[in-house]
**Student:** 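Before I ask anything, let me first share the structure, which is written out below as structure tokens.
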Amino acid sequence: MALTNEEKERLLAVLDVTGGHRETMFKERVIPEDYKSCLERCDRKEMTLVFPSLDPVRVILTMPKKKQANAPLHINYHGGGFIFKQNGDDDMYCAHIAAAAGAVVVDVDYASSVDAPYPMAFNQAYETAKWAFAHCQEWGCDPKRLSVGGSSAGGNLAMAVSLKASETGDFPICLEILEYAATDNYIPVEHPEEMARSYTFSSLYVDGELEVLKEPYCSPAYATDEQLKRLPETLIIAPVQCPFYEINNELGMRMVRQGVPVTFRSYLESTHGSTVRMVGEWQQAQAAVIRAIKQTTL
């Protein structure tokens, strides 16, 4: 049964009480001057895509001014618990990837679950990747170098897109990048009091239909071994202080057992959200992401 407006308001109130992590990261971060310059080394274009039966989706296309032929194409999905929209956190991150990897980057500002619950964001994520792949030739990208990635909720969407693409064959993905990804959204249902904030994100994502959280496109950790074995090469960015560390470690090992090439990079001093918000060992993590995008191909 769908959530009532009163139930939504009660859940959203939990976010107000448990918030502050993002604001703390903003205050603590120190942005190197050479890192800021990545925005000047790219051209950025914002557009709105319209797909049948879906809400319009805002995307930001970032292209390096110095781009070689057969460039990588990377699709980025931002974090935010499926609720918060892209508020600029990912702008420099995507520009850094574009400038350093010589890649075209498509940043997808998918729908908030408050307005449009699952599967809206997932379907937008998938259709945008499909749309971007169709533009490879126009943008001078190599169709064998399409990667998808994201942080937290965005990592969930990246893996869900990879799962579906591996099943449909609509487009090939050479690499998925999972940064502290929210791959199991059902766990908070089993621990609602200890994980009140995560429970809110999960409940709103599926509009209160909690059993839906066990569907693989909603929680990729529930994918079968058969589904996992078809996944592309995977880079897992796993801060030790992130609550999703063990979940993603276990999922990564499951993928390895199914023959998927997995690189698991663990960072002792980093927390959830660190890579994009520039806290802890964020520079090492971003360097790992850029290397993978530059080097991986089908």
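For this chain, numbers begin at 1 and follow the sequence in order. Below, all heavy atoms of this structure are taken into account, side chains as well, without hydrogens, waters or symmetry copies.
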**Student:** Check whether any side-chain heavy atom of L73 sits under 4.5 Å from a side-chain heavy atom of C136, and report yes or no.
**Tutor:**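 They are in contact (side-chain heavy atoms under 4.5 Å apart), so the answer is yes.
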**Student:** Do Y77 and I60 belong to the same hydrophobic cluster, where Ile, Leu, Val, Met, Phe, Trp and Tyr are linked whenever their side-chain heavy atoms lie under 4.5 Å apart, directly or via other members?
**Tutor:** no
**Student:** Check the hydrophobic clustering (I, L, V, M, F, W, Y; side-chain heavy atoms under 4.5 Å; chains of links allowed) and say if F244 and M159 are grouped together.
**Tutor:** no
**Student:** Write down the atom of V50, the atom of P56, and the distance for their closest heavy-atom approach.
**Tutor:** CG2-CB, 4.4 Å
**Student:** Within a reach of under 6.0 Å around CG of D34, are more than 12 heavy atoms found that belong to other residues, nucleotides or ligands?
**Tutor:** yes
**Student:** Going by an N to O cut-off under 4.0 Å, is there a salt bridge joining E167 and K164?
**Tutor:** no
**Student:** Which atoms form the tightest heavy-atom contact between A116 and A111, and what is the distance?
**Tutor:**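 Here A116 and A111 meet closest at CB-CB, 4.2 Å.
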**Student:** Who pairs with T4 by side-chain contact (heavy atoms from CB on, under 4.5 Å), at least two apart in sequence or on another chain?
**Tutor:**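 With neighbours one apart ignored, the set is E6, E7.
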**Student:** Tell me the side-chain hydrogen bond (donor to acceptor under 3.5 Å, both in side chains) pairs involving residues 127-147, sequence neighbours left out?
**Tutor:**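 Found H74-S147.
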**Student:** Quick check: is Y186 connected to V14 through a chain of hydrophobic side chains (ILVMFWY, heavy atoms under 4.5 Å apart)?
**Tutor:** no
**Student:** Does D170 reach the side chain of Y126, with side-chain heavy atoms less than 4.5 Å apart?
**Tutor:** yes
**Student:** Are F264 and S266 close enough that some pair of their side-chain heavy atoms sits under 4.5 Å apart?
**Tutor:**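 The answer is yes; the side chains approach within 4.5 Å.
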**Student:** Just by distance, no angles: are the side chains of Y93 and E179 close enough, under 3.5 Å, to form a donor-acceptor pair?
**Tutor:** yes
**Student:** Examine the side chains of D55 and Q124 and answer whether a donor and an acceptor come within less than 3.5 Å of each other.
**Tutor:** no
**Student:** Assess the residue pair H272 and S152 against the criterion (side chain to side chain contact (heavy atoms under 4.5 Å, CB included)); give the C-alpha distance rounded to whole Å, side-chain angles, the decisive distance to 0.1 Å, and a yes or no.
**Tutor:** CA-CA 8 Å; H272 189 81; S152 194; 2.9 Å; yes
**Student:** Looking at K8, I want to see if its NZ is surrounded by more than 12 non-hydrogen atoms of other residues, nucleotides or ligands under 6.0 Å.
**Tutor:**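 Atom NZ in K8 is crowded, with more than 12 foreign heavy atoms closer than 6.0 Å.
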**Student:** Got a salt bridge between R44 and D91, using NZ or NE/NH1/NH2 to carboxylate O under 4.0 Å?
**Tutor:**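 Salt bridge between R44 and D91, a charged N being under 4.0 Å from a carboxylate O: yes.
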**Student:** Could you check if a side-chain atom of N76 sits within less than 4.5 angstrom of a side-chain atom of V106, using non-hydrogen atoms only?
**Tutor:**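 Heavy-atom side-chain distance check fails, nothing below 4.5 Å.
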**Student:** Consider only side-chain heavy atoms of I, L, V, M, F, W and Y, link residues closer than 4.5 Å, and tell whether L157 and I187 are in one cluster.
**Tutor:** no
**Student:** Any donor-acceptor pair under 3.5 Å linking the side chain of N156 with the backbone of A182?
**Tutor:** yes
**Student:** Evaluate the side-chain proximity of P172 to P143: yes if any heavy-atom separation is below 4.5 Å, no if none is.
**Tutor:**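 The answer is no; the side chains never approach within 4.5 Å.
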**Student:** For a 4.5 angstrom cut-off between non-hydrogen side-chain atoms, does I97 reach I293?
**Tutor:**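 Yes, at least one pair of side-chain atoms sits under 4.5 Å.
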**Student:** Listed by chain and number, what are the side-chain hydrogen bond (donor to acceptor under 3.5 Å, both in side chains) partners of Y35, not counting sequence neighbours?
**Tutor:** Q286
**Student:** Could you tell me whether the side chain of R197 and the main chain of L15 form a donor-acceptor pair under 3.5 Å?
**Tutor:**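 Flag set: sc R197 to bb L15 pair under 3.5 Å.
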**Student:** Taking all non-hydrogen atoms of both residues into account, name the closest pair between P216 and Q227 and its distance.
**Tutor:** CG-OE1, 3.7 Å
**Student:** How close do G252 and V262 get, counting heavy atoms only, and between which atoms?
**Tutor:** O-CG2, 4.1 Å
**Student:** Tell me, with the steps shown, if R265 and T263 meet side chain to side chain contact (heavy atoms under 4.5 Å, CB included).
**Tutor:** CA-CA 6 Å; R265 293 200 171 273; T263 299; 4.0 Å; yes
**Student:** Evaluate the criterion side chain to side chain contact (heavy atoms under 4.5 Å, CB included) for residue pair I177 and V148; output intermediate values, then yes/no.
**Tutor:** CA-CA 6 Å; I177 300 171; V148 297; over 6 Å; no
**Student:** Go through it in stages, so that I can follow the logic: the residues are T62 and V104, the test is side chain to side chain contact (heavy atoms under 4.5 Å, CB included), and I'd like the CA-CA distance, side-chain angles, deciding distance and then a yes or no.
**Tutor:** CA-CA 6 Å; T62 304; V104 174; over 6 Å; no
**Student:** Any non-hydrogen side-chain atom of L204 less than 4.5 Å from a side-chain atom of L3?
**Tutor:** yes
**Student:** Which heavy atom of P220 sits nearest a heavy atom of A160, and at what distance?
**Tutor:** CG-N, 4.1 Å
**Student:** Of all the heavy-atom pairs spanning P72 and G102, show the shortest one and how long it is.
**Tutor:** CD-O, 3.5 Å
**Student:** Are L12 and F84 connected in the hydrophobic side-chain network, where two residues link if heavy atoms are under 4.5 Å apart?
**Tutor:**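 Same hydrophobic cluster.
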**Student:** How about Y199 and L11: do any of their side-chain heavy atoms sit closer than 4.5 Å?
**Tutor:** yes
**Student:** Please tell me whether H78 and Y110 form a close aromatic pair, meaning their ring centres lie under 6.0 Å apart.
**Tutor:** yes
**Student:** Centroid-to-centroid, Y267 to Y180, below 6.0 Å?
**Tutor:** no
